2 protein chains.
Amino acid sequence: MIYSSELIKGTLKTIVLKLLSDNNRMYGYEITQKVKELTGDKIQITEGALYPTLHALESDGLLTVETEFIGKRVRKYYSLSISGKQKSQEKISELADFMNTMKYLLDIKTA
Amino acid sequence: MIYSSELIKGTLKTIVLKLLSDNNRMYGYEITQKVKELTGDKIQITEGALYPTLHALESDGLLTVETEFIGKRVRKYYSLSISGKQKSQEKISELADFMNTMKYLLDIKTA
DNA sequence: ATCAATGCATAACATTCTTATGTATATTTG
DNA sequence: CAAATATACATAAGAATGTTATGCATTGAT
């Protein structure tokens, strides 16, 4: 089972920031695989969404990038900048809080 | 504190279906107020998002509507149709599951 | 050799909100 | 009682954020 795609909306940036806050550096493809692995294939990040997101986070100054070559193939490692670490914590707590609120909303009897 | 607006994306339909699955019928404005109340003002549904959503759910056959007049003011009560009840359960479990997955993803050390 | 996986990227399009605006009635408050 | 606030609907322009499709190139597996 894969979640309806609209659910991912709004959470992608935070997912990326969270992974980078736990790992010193990661590259795009690695992020897609890690998310697949951690969620048992329930969440699949598309490359069409991920790469523009990484570029946006970088241009916001939250990520720094190092380009490396593995053989002839390019690989771009992203890391959190200082402000990225800050932002990361904020976004993670906000999302975690939101998840709790939504779970509450979905579980209670609202009558 | 109000959540960043992008977080609501993709959850609105399910929120509406959930409220209607617990309440026989509700009208738009009532839904906005109920969500505010239940979430301690953390989630505020805007009318610009809600009314088109209600119309979409209705045109998908998930909701039925009854128009009533309170004095001279119109009020549109929405209820789940048979297929709406079905869909409602599906969407609610999917979202609850997604929330758990996301919480897990945000809480663990992914290193 | 061929196919799948790795690894990046972008563009057209779709979806789903926000913000702004509009209309009207009912209630509260100074 | 006038004015402000709350109730109650609606839609349109624009922003944000994703999907799908496509492209290119290297590397590993059968």
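Quick note: numbers below take in every heavy atom, side chains included, and nothing from hydrogens, waters or symmetry partners. What you see is a predicted model; the values in this text were computed from it and never measured. Here is how names work: the chains are called A, B, and so on, in the same order as the sequence lines, proteins then strands, and each is numbered from 1.
Salt-bridge annotation for B:Glu58 and B:Lys76: absent, with no side-chain N of the basic residue lying under 4.0 Å from a carboxylate O of the acidic one. Using a cut-off of 4.0 Å between Lys/Arg side-chain N and Asp/Glu carboxylate O, B:Lys87 and B:Asp60 are scored as not salt-bridged.
Nearest nucleotide to the side chain of A:Leu12, out of D:dT11, D:dG18, C:dT18: D:dG18. Closest contact between the side chain of B:Gln33 and the listed nucleotides D:dT7, C:dT10, C:dC8 involves D:dT7. Closest to the side chain of B:Lys72, from the set D:dC9, C:dT25, C:dT10, is C:dT25.
Between the side chain of A:Ser79 and the backbone N or O of A:Asn24, at least one donor-acceptor pair lies under 3.5 Å. Checked by atom type and distance alone, the side chain of A:Gln44 never pairs as donor or acceptor with a backbone atom of A:Ile2 at under 3.5 Å. Distance alone, capped at 3.5 Å, is enough to place a donor-acceptor pair between the A:Ser81 side chain and the A:Gly84 backbone.
For B:Lys9 and C:dT16, a side-chain-to-base donor-acceptor distance below 3.5 Å is present, hydrogens and geometry of angles not being considered. Checked by distance alone, A:Arg73 brings no side-chain donor or acceptor within 3.5 Å of a matching partner on the base of D:dT27.
Between the CD atom of A:Glu37 and the C1' atom of C:dT6 there is a distance of 16 Å, rounded to whole Å. One atom, OH of B:Tyr27, and another, P of D:dT7, lie 8 Å apart when rounded to the nearest Å. Note: CD (A:Glu68) to C1' (D:dT27) measures 18 Å, nearest angstrom. In this entry the distance linking CD1 of A:Ile2 with C1' of D:dT20 reads 14 Å, nearest Å. A:Leu7 has its CG atom 21 Å from the P atom of C:dA14, to the nearest Å. Nucleotide C:dA26 holds its P atom 11 Å from the CZ atom of B:Phe69, rounded to whole Å. Rounded to whole angstrom, the span from the CD1 atom of B:Ile43 across to the P atom of C:dT16 amounts to 18 Å. In this structure, CD1 of A:Ile8 is placed 14 Å from P of C:dC17, rounded to the nearest angstrom.
Using a 4.0 Å cut-off, some side-chain N or O of A:Thr53 falls inside it from OP1 or OP2 of D:dG18. Residue B:Arg75 places at least one side-chain N or O closer than 4.0 Å to OP1 or OP2 of D:dA8. For C:dC8, one of the phosphate oxygens OP1 or OP2 lies less than 4.0 angstrom from a side-chain nitrogen or oxygen of A:Tyr51. Residue A:Ser5 has no polar side-chain atom (N or O) positioned under 4.0 Å from OP1 or OP2 of D:dG18. In this model, the phosphate group of C:dA5 is not approached by any side-chain N or O of A:Tyr29 to a distance below 4.0 Å at OP1 or OP2. Between A:His55 and C:dC8 there is no side-chain polar atom (N or O) within less than 4.0 angstrom of OP1 or OP2.
Dense packing is recorded around NZ of B:Lys91, with more than 12 heavy atoms of other residues, nucleotides or ligands lying under 6.0 Å away.
Within the 4.5 Å cutoff, side-chain heavy atoms of B:Thr101 are placed close to those of A:Tyr3. Side-chain contact check for B:Leu19 versus B:Leu38: some heavy-atom pair is nearer than 4.5 Å.
Going from atom CD of A:Glu6 over to atom NZ of B:Lys9 covers 11.5 Å, rounded to the nearest 0.5 Å.
Of the residues near DNA chain C, B:Lys13 and A:Glu30, the one whose nearest nucleotide (by heavy atom distance) lies more toward the 5' end is A:Glu30. The residue among A:Ile70 and A:Glu6 whose nearest nucleotide of DNA chain C lies closer to the 5′ end is A:Ile70. Nearer the 5' end of DNA chain D, as judged by each residue's closest nucleotide, is the contact made by B:Leu54, out of B:Leu54 and A:Gly10.
Within the 4.0 angstrom heavy-atom criterion, base atoms lie near B:Gly48. Nucleic acid contact class of B:Glu47 (heavy atoms, under 4.0 Å, all strands): base.
Shown for residues 85-99 of chain A: no residue has heavy atoms falling under 4.0 angstrom of DNA chain C.
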